[in-house]
Amino acid sequence: MPTAHAAARAVFVVFAASGFAFASWASRLPAVRDGLSFSEREMGLLLLTISVGSIAAIPLSGLVSERLGTARTVLGFAGLTAVGLSVAGYGVALGEPLVVRGGMILFGVGSGVWDAAMNLEGAAVEQRLGRAIMPIFHAGFSFGTVIGAGVGALVATVGVPVVWHVVAAGAVSFLSVVVATRFFTPSAVPVPDGAAGAVNADGADPAEVTPPPSGIRGLLAAWREPRTLAIGLVVLSAALTEGVANDWVSLAVVDGFDTSDGMGAVGLAIFLTAMTSARLAGTRAIDRYGRVPVLVLSALLAFVGVLTFSLVPVLWLALVGVALWGLGAAMGFPMGMSAASDEPRRAAMRVAAVSTIGYTAFFVGPPLIGLVAHETGYRLAVLVLLVPMVLGLVVARSVRPLPTAAGVKR
């Protein structure tokens with residue numbers, strides 16, 4: 001059986017592969033727009049097609065993982081993600097928007113379920129190790145996006161066609177997953193030694209240990225828990241903050257400052273590098289200060305960063321805002337996933353519920369920002385993010401650990 005440390009390394013690789021695939025596509029959006037001759041509104045609608053597959057598939061991710069296990073779920077849907085990237089790339093080469101949309105639907109289904117399942121595996125490893133290391137796994141995702149954005153900037157500068165770039169990126173990410181999933185834990189949510197029974201979503205120990213509901217009953221039960229829904233709102237805010245940057249920062253830099261596609265990719269790389277750095281430091285920060293203070297500080301940094309990027313007239317200062325935005329966007333999502341997994345026996349369905357809320361925002365929010373940008377421009381459109389940031393702060397205490405949480409400050 002793989003050790004907990006081997007499983008942790010494998011989860012890190014899988015997160016990185018997911019980030020690499022996503023950023024490979026996001027970094028080429030200016031070229032996709034030019035290849036299809038799309039306006040801001042048409043680009044928003046194009047990206048909205050990703051959400052069609054994701055919203056349909058992610059609510060069932062807990063059931064799929066419960067039936068297949070996290071290793072097979074991640075492997076299968078990583079393959080579907082690679083296929084979606086390839087189809088979309090060929091659609092751009094052919095100048096066929098319908099083909100691109102078909103690829104984006106496959107991409108949405110694949111990446112959505114893949115991400116939910118790898119978060120569930122990460123929670124299982126976190127429980128086995130007895131330490132809050134979910135931010136490090138999400139740093140792996142960010143690390144993958146930094147590499148993907150960097151490669152994207154390079155190939156965009158030298159004029160590599162979108163199709164060859166994204167087909168190769170999909171193949172690399174899938175082959176990485178094939179190797180890494182061999183070292184996953186044998187059970188998605190093992191109960192650690194000494195964990196006596198279940199803990200309710202409000203943090204209270206039940207008088208008697210009862211098996212948690214499974215299947216559809218378990219999924220519906222998770223959606224009725226106030227703490228789970230509040231965590232979902234935290235993750236929604238974080239997903240919007242991150243997702244809008246992933247999809248629109250490059251275009252906002254290019255159009256907002258009348259600069260090159262390469263500089264747009266640099267803007268995305270700055271955001272992703274800042275986010276990766278914050279996540280690498282996140283475990284130590286949570287251990288020292290606790291989840292809630294770290295979440296509040298993160299939201300404030302993101303708030304200032306978005307304001308700066310949207311309103312200043314100078315490119316270098318706007319890029320400082322992008323860096324603050326990235327630092328602030330780093331911690332909400334991993335802390336939300338950890339909070340949803342505080343009780344191992346109910347983690348699968350709670351993570352599925354929280355993932356549904358978060359990834360719906362992640363995929364639907366950015367295209368809607370694109371529609372707003374049609375009227376205001378990309379830089380002013382991202383000011384819409386300030387509203388969910390405030391809502392996330394209101395329910396920040398929901399991420400406070402339950403008694404069964406893996407070694408975090410309460």
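Not measured: the values here are computed from a predicted model. No hydrogens, no waters, no symmetry mates; every other heavy atom, side chains included, goes into these values.
Arg279 places a side-chain N or O within 3.5 Å of a backbone atom of Ala330 that can act as its donor or acceptor partner. Put simply, the side chain of Ser237 gets close to the backbone of Pro388: a donor and an acceptor are under 3.5 Å apart. Looking only at distances, a side-chain donor or acceptor of Thr81 sits under 3.5 Å from a matching main-chain atom of Ser111.
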Apply side-chain contact (heavy atoms from CB on, under 4.5 Å) to Val11 and Phe183, showing your working. CA-CA 9 Å; Val11 172; Phe183 299 94; over 6 Å; no

Step by step, would you call Tyr90 with Glu96 a side-chain contact (heavy atoms from CB on, under 4.5 Å)? CA-CA 9 Å; Tyr90 278 110; Glu96 291 289 344; over 6 Å; no

Verify side-chain contact (heavy atoms from CB on, under 4.5 Å) between His138 and Met275, making sure each step is shown before the conclusion. CA-CA 9 Å; His138 282 259; Met275 188 165 61; over 6 Å; no

Chi angles and distances behind the side-chain contact (heavy atoms from CB on, under 4.5 Å) call for Leu315, Met263: CA-CA 10 Å; Leu315 175 58; Met263 183 56 68; 4.2 Å; yes

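In this structure, the side-chain contact (heavy atoms from CB on, under 4.5 Å) partners of Ala71, at least two apart in sequence or on a different chain, are Thr181, Phe184. With sequence neighbours excluded, the residues satisfying side-chain contact (heavy atoms from CB on, under 4.5 Å) with Leu307 are Phe303, Leu311, Leu383, Leu386. Residues satisfying the salt bridge (Lys or Arg N to Asp or Glu O under 4.0 Å) test with Arg101, not counting sequence neighbours, are none. Qualifying salt bridge (Lys or Arg N to Asp or Glu O under 4.0 Å) partners for Arg379, counting only residues two or more places apart in sequence or in other chains: none. Checked against side-chain contact (heavy atoms from CB on, under 4.5 Å), Ser298 has the following partners two or more places apart in sequence or in another chain: Val294, Met331.
The aromatic rings of Phe137 and Phe15 sit parallel to each other, their planes meeting at less than 30°, with 60° as the upper class boundary. Relative ring orientation between Phe271 and Trp325 is described as perpendicular, the plane-to-plane angle rising above 60° on a 0-90° scale split at 30° and 60°.
Closest approach of Val244 to Val382, counting heavy atoms only: CG1-CG1, 3.8 Å. Here the shortest heavy-atom pairing between Gly305 and Leu324 reads CA-CB, 3.7 Å. Closest approach of Gly358 and Ala239 over heavy atoms only: O-CB, 3.1 Å. Among all heavy-atom pairs drawn from Val99 and Gly91, the shortest one is CG1-CA, 3.6 Å. Nearest approach of Ala7 to Val125, heavy atoms of both residues: CB-CG2, 3.8 Å. Heavy-atom minimum distance, Leu129 versus Ala4: CD2-CB, 3.5 Å.
If you take OG1 on Thr276 and CD1 on Ile147, they are separated by 9.0 Å, rounding to the nearest 0.5 Å. Separating the OG atom in Ser65 from the CE atom in Met118 is a distance of 12.0 Å, to the nearest 0.5 Å. Here the CE atom belonging to Met134 is positioned 12.0 Å from the CE atom belonging to Met335, to the nearest 0.5 angstrom. Here the CG atom belonging to Leu80 is positioned 10.5 Å from the CZ atom belonging to Phe107, to the nearest 0.5 angstrom. For the atom pair CD1 (Ile136) and CZ (Arg284), the distance works out to 9.5 Å, reported to the nearest 0.5 Å. Note that CZ of Arg400 and CG of Leu295 are 14.5 Å apart. Values are rounded to the nearest 0.5 Å.
Two residues are said to be in side-chain contact when any heavy atoms from C-beta on lie closer than 4.5 Å; Val234 and Ser398 meet this criterion. Under the 4.5 Å side-chain criterion, counting only non-hydrogen atoms from C-beta, Ile58 is in contact with Ser61. Contact of the Val163 side chain with the Val92 side chain is not registered, since no non-hydrogen atoms from C-beta on lie closer than 4.5 Å. Inter-residue side-chain proximity for Leu63 and Met349 is flagged as met; some heavy-atom pair is nearer than 4.5 Å. Between Leu45 and Thr49 there is no side-chain heavy-atom pair separated by less than 4.5 Å. The side-chain heavy atoms of Trp114 and Val14, taken from C-beta on, include a pair separated by under 4.5 Å. Residues Val172 and Phe20 meet the side-chain proximity criterion, which asks for heavy atoms closer than 4.5 Å. Annotation: side chain of Ile357 is not in contact with side chain of Val235 (no heavy-atom distance under 4.5 Å).
Using a 4.0 Å cut-off between charged side-chain N and carboxylate O, Asp342 and Arg291 make a salt bridge. Between Glu42 and Arg33 there is no salt bridge, since none of the side-chain N atoms of the basic residue sits less than 4.0 Å from a carboxylate O of the acidic one. A salt bridge is defined here as a Lys NZ or Arg NE, NH1 or NH2 lying under 4.0 Å from an Asp or Glu carboxylate O, and Glu121 with Arg128 fails to meet this definition.
A donor-acceptor pair shorter than 3.5 Å cannot be found between the side chains of Glu126 and Ser341.
For residues 219-257, the pairs satisfying ring-ring contact (aromatic ring centres under 6.0 Å, His included) are Trp248-Tyr378, with sequence neighbours left out.
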